Protein chains: 2
Amino acid sequence: MSVPPGQADSADFIPCAHDYQVSCGNCRLNAICLPLALESEDIDQLDRIIQRSKPLQKSQHLYRQADEFESVYAVRSGALKAYRTTDDGREQVTGFYFPGEILGFDGIGNNAHASSAKALETSAICEIPFSSLQKLSSLMPNLQRHFFQLMSREITEDQQLITLLSKNSADERVAALMLSISTRNARRKLSATQFRLPMSRVDIGNYLGLTVETVSRVFSRMQKLSILRVDNKEIEILDPAGLRHMANLSH
Amino acid sequence: MSVPPGQADSADFIPCAHDYQVSCGNCRLNAICLPLALESEDIDQLDRIIQRSKPLQKSQHLYRQADEFESVYAVRSGALKAYRTTDDGREQVTGFYFPGEILGFDGIGNNAHASSAKALETSAICEIPFSSLQKLSSLMPNLQRHFFQLMSREITEDQQLITLLSKNSADERVAALMLSISTRNARRKLSATQFRLPMSRVDIGNYLGLTVETVSRVFSRMQKLSILRVDNKEIEILDPAGLRHMANLSH
DNA sequence: GCGGCGTCTTGATACACGTCAAGACAAGCG
DNA sequence: CGCTTGTCTTGACGTGTATCAAGACGCCGC
């Protein structure tokens, strides 16, 4: 297996032939992924259970809805979307996941994944087998607490999305998503004002409960107002305050 | 403190002068709340940390958004709603909680409650201090697993609501809520076809991302189609199959 | 380079639900 | 009892977003 060429656009990817052997201790994302006061002894234990064998190509699945639940996953580079398929065959995108973020928690409840996860671009993944994680959590109270917190935050974020879908206009929804991506970029020490969207307009619309056309129109409107510069998937936030205003206050 | 009079409409309430001293071992809801293979020894340990001191009157708060997070709570009788207040002062109902169900998980993430919880009618509550729960979880792998599962299910349910809000019509949303309440009633060995809604039309609309007027019109429509009999908060499901059809397939 | 095929944009039209308004009903209280 | 207040219902109308349709753009293989 050779190292895929042209990782230039993936700032989180560590260009090293044996990159899948990085440990949590030296991973530059650990401040996001594991902001814990763990002894290096503890980190070693964690390292031992984590598997880093899965570089995922664009549009490949990490797991599928109804698959048996075995692990949760941390994104090391790239980006993923999670989505569920309803009884009548339609899809609902439930989240986008960027480097340092963890997905798969929705599978614990019934021992089967409640959603599917698909790579939006070439992505490197850390797999964390849940049974090992449970054992380790019993021994390391910090770790147990950390995973309770991660799940709790997922709940909080879902509730924010619920509010967004329930109460906000198309403009507000798109603005909120742009701000969310901007914030998450900043957390990874990337530009908060310039980035490339890994997902399509269809995915954005699906996630926000809007049609592609509406999303497109909102982007055009924002561009006309000089809040954003939009060049296909390339986004530049020209007026952060205006964007925040558009997301929150405008009724 | 005297026992409140007139609990006749609250089927889950155990009419006993010292009812706040029931233990998990003999609580008739434990199959829902704690479906665990726990030794009676373990149950005793759990009993010891749980506090049952809080009978809540209608419209009283169990906790408020931004309150310090200390406990999660199990509903013993009555019903509650959880809601968050957005920056611009509007409210979003994020869930309804019935006997046997546990709420408060959204507070773990940042050590502060991310939502408020308010009693929709007189309710009895079991308080489970989270720090004790964490310690106990480390000792009892089953218990740890159980709470991971509960949180995971909360995530799954939130995602179902996201899908509902994002993809479904007013008819479908209301139908889905009625089915959800029906199912949860059945789980508690109550009628799946006849029940009294503890929440107002405003709450329903808020939860489902609809106005009161729309909710009311949907109920009228359902009544005209002989799917439901609606008498203010009293609901009778006349045509369960029709209701299911209305919730799922109709487009 | 050129053709083909997604993805994205833009415009015209339709409709589901929101908004506004008024009346009906229920509950609490002097 | 009648008054008040809040909740619920029903109707008429307006609007934001979906839908339908067509064209523009970008990407890839040949």
Side-chain angles (χ1 to χ4, degrees), chain A residues 5-6 9 57-59 81 90-93 120-122 164-178 196-225 228-235 246 250-251, chain B residues 5-6 9 57-59 81 90-93 118 120-122 164-175 177-178 196-225 228-235 246 250-251:
Chain A
D9 64 331
Q57 293 304 308
K58 176 171 177 169
S59 91
K81 71 168 174 181
R90 284 174 299 172
E91 288 184 2
Q92 172 67 40
V93 174
L120 294 168
E121 54 191 40
T122 306
L164 200 66
L165 291 174
S166 177
K167 296 265 178 306
N168 294 58
S169 68
D171 284 354
E172 294 168 328
R173 295 184 207 182
V174 175
L177 177 60
M178 291 304 107
R196 182 182 172 77
L197 298 175
M199 73 291 279
S200 70
R201 298 285 191 272
V202 178
D203 286 333
I204 293 176
N206 191 317
Y207 177 68
L208 295 175
L210 302 169
T211 58
V212 206
E213 294 94 324
T214 300
V215 173
S216 183
R217 276 187 256 268
V218 172
F219 275 135
S220 301
R221 215 172 299 152
M222 286 172 155
Q223 182 145 239
K224 198 167 287 173
L225 294 170
L228 244 54
R229 202 180 52 71
V230 184
D231 176 15
N232 205 347
K233 305 205 162 175
E234 228 42 77
I235 300 286
M246 196 165 184
S250 47
H251 181 72
Chain B
D9 64 329
Q57 294 305 307
K58 176 171 174 168
S59 90
K81 71 169 175 181
R90 285 174 297 173
E91 288 183 2
Q92 171 66 43
V93 174
K118 193 191 241 185
L120 294 168
E121 54 194 39
T122 306
L164 201 67
L165 292 173
S166 176
K167 297 265 177 306
N168 293 52
S169 68
D171 285 353
E172 294 167 328
R173 295 183 208 182
V174 176
L177 178 61
M178 291 305 106
R196 182 182 172 78
L197 298 174
M199 73 292 279
S200 70
R201 299 284 191 274
V202 179
D203 286 334
I204 294 177
N206 192 316
Y207 177 67
L208 295 175
L210 302 169
T211 58
V212 205
E213 294 94 324
T214 301
V215 174
S216 183
R217 276 186 256 267
V218 172
F219 275 135
S220 301
R221 216 173 298 152
M222 285 172 156
Q223 183 145 240
K224 198 166 287 171
L225 294 171
L228 245 52
R229 201 181 53 71
V230 183
D231 177 14
N232 204 346
K233 304 204 163 175
E234 228 42 77
I235 300 286
M246 197 164 183
S250 47
H251 179 78

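Note that the coordinates shown come from a computational prediction; the quantities given were computed from them, not determined experimentally. Protein chains get the first letters and strands the later ones, always in sequence-line order, with residue 1 at the start of each.
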Undergrad: Holding to side-chain hydrogen bond (donor to acceptor under 3.5 Å, both in side chains), I want the full list of residues that pass it with B:Ser216, two or more places apart in sequence or in another chain.
TA: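 For B:Ser216 there are no side-chain hydrogen bond (donor to acceptor under 3.5 Å, both in side chains) partners, ignoring immediate neighbours.
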Undergrad: Classify every nucleotide of nucleotides 11-16 of chain D by which part a protein heavy atom approaches to under 4.0 Å, writing B for the base, S for the sugar-phosphate alone and - for neither, in 5'-to-3' order.
TA: BB----
Undergrad: Please lay out, stage by stage, how A:Lys224 and A:Phe219 fare under the test side chain to side chain contact (heavy atoms under 4.5 Å, CB included).
TA: CA-CA 9 Å; A:Lys224 198 167 287 173; A:Phe219 275 135; over 6 Å; no
Undergrad: Kindly state which residues belonging to residues 199-207 of chain B come within less than 4.0 angstrom of DNA chain D, counting heavy atoms of the residue only, listed by number.
TA: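 Heavy-atom cutoff 4.0 Å gives B:Ser200, B:Arg201, B:Val202.
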Undergrad: Rounded to 10°, tell me the angle between the two end axes of the helix from C:dG1-D:dC30 to C:dG30-D:dC1, each built from five pairs.
TA: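 The angle, to the nearest 10 degrees, is 40°.
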Undergrad: Is there a side chain to side chain contact (heavy atoms under 4.5 Å, CB included) between B:Leu228 and B:Met178 once you walk through the steps?
TA: CA-CA 10 Å; B:Leu228 245 52; B:Met178 291 305 106; 4.2 Å; yes
Undergrad: C:dA27 P sits how many Å from B:Glu234 CD, rounded?
TA: 11 Å
Undergrad: Side chain of A:Val230 only, heavy atoms from C-beta on: which candidate in D:dG26, C:dC17, C:dT9 is closest?
TA: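 Nearest to the side chain of A:Val230 among the choices is C:dT9.
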Undergrad: Should B:Arg196 and B:Glu234 count as an ion pair when the cut-off is N to O under 4.0 Å?
TA: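 A salt bridge is present here (some side-chain N lies under 4.0 Å from a carboxylate O).
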Undergrad: Quick check on side-chain contact (heavy atoms from CB on, under 4.5 Å): which of A:Leu210, A:Ile204, A:Val218, A:Val215 does A:Arg173 satisfy it with?
TA: A:Leu210
Undergrad: Can you tell me if A:Gln92 uses its side chain to pair, donor with acceptor, with the backbone of A:Asn206 under 3.5 Å?
TA: yes
Undergrad: B:Asp171 has an atom CG; how far is it from atom P of C:dA16, in whole Å?
TA: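 In whole Å, C:dA16 P and B:Asp171 CG are 10 Å from each other.
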Undergrad: Establish, with yes or no, whether the OP1 or OP2 oxygen of D:dT17 is under 4.0 angstrom from a side-chain nitrogen or oxygen of A:Thr211.
TA: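 A:Thr211 to D:dT17 OP1/OP2: no side-chain N or O under 4.0 Å.
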Undergrad: Tell me whether A:Gln223 contacts the main-chain N or O of A:Arg229 through its side chain, where contact means a donor paired with an acceptor under 3.5 Å.
TA: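 Between the backbone of A:Arg229 and the side chain of A:Gln223 there is no qualifying donor-acceptor contact (under 3.5 Å).
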Undergrad: Would you mind reading off the distance between A:Arg221 atom CZ and C:dG11 atom C1', rounded to a whole angstrom?
TA: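 Taking CZ of A:Arg221 and C1' of C:dG11, I get 14 Å after rounding.
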Undergrad: Look at B:Thr214 and C:dC17 and indicate whether a side-chain polar atom (N or O) is within less than 4.0 Å of OP1 or OP2.
TA: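 Answer no for this pair, as no side-chain N or O of B:Thr214 is under 4.0 Å from OP1 or OP2.
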Undergrad: In whole angstrom, what separates A:Arg196's CZ from D:dG26's P?
TA: 12 Å
Undergrad: Using whole Å, what does the distance between atom C1' of nucleotide D:dC8 and atom CD of B:Gln223 come to?
TA: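 Distance, rounded to whole Å: 13 Å.
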Undergrad: Rounded to whole angstroms, how far apart are CZ on A:Phe219 and P on C:dT9?
TA: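 Value for this atom pair: 8 Å.
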Undergrad: With sequence neighbours left out, what residues match A:Ser220 under side-chain contact (heavy atoms from CB on, under 4.5 Å)?
TA: none
Undergrad: What residue pairs, at least two apart or across chains, pass salt bridge (charged side-chain N to carboxylate O under 4.0 Å, His left out) with a residue in residues 197-213 of chain B?
TA: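 For residues 197-213 of chain B: B:Lys81-B:Asp203.
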Undergrad: Nearest-Å distance, CD1 (A:Ile235) to P (C:dC8)?
TA: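 Rounded to the whole Å, the gap is 11 Å.
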Undergrad: Would you kindly give the CG-to-P distance between A:Leu165 and C:dG18, to the nearest whole Å?
TA: 14 Å
Undergrad: Starting the side chain at C-beta, find the nucleotide from D:dT17, C:dC8, D:dC8 nearest to B:Ser216.
TA: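 Taking heavy atoms from C-beta onward, the closest nucleotide is D:dC8.
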Undergrad: Calculate, to the nearest 0.5 Å, the distance between atoms CG and CD1 belonging to B:Leu197 and B:Ile235 respectively.
TA: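 Answer rounded to 0.5 Å: 4.5 Å.
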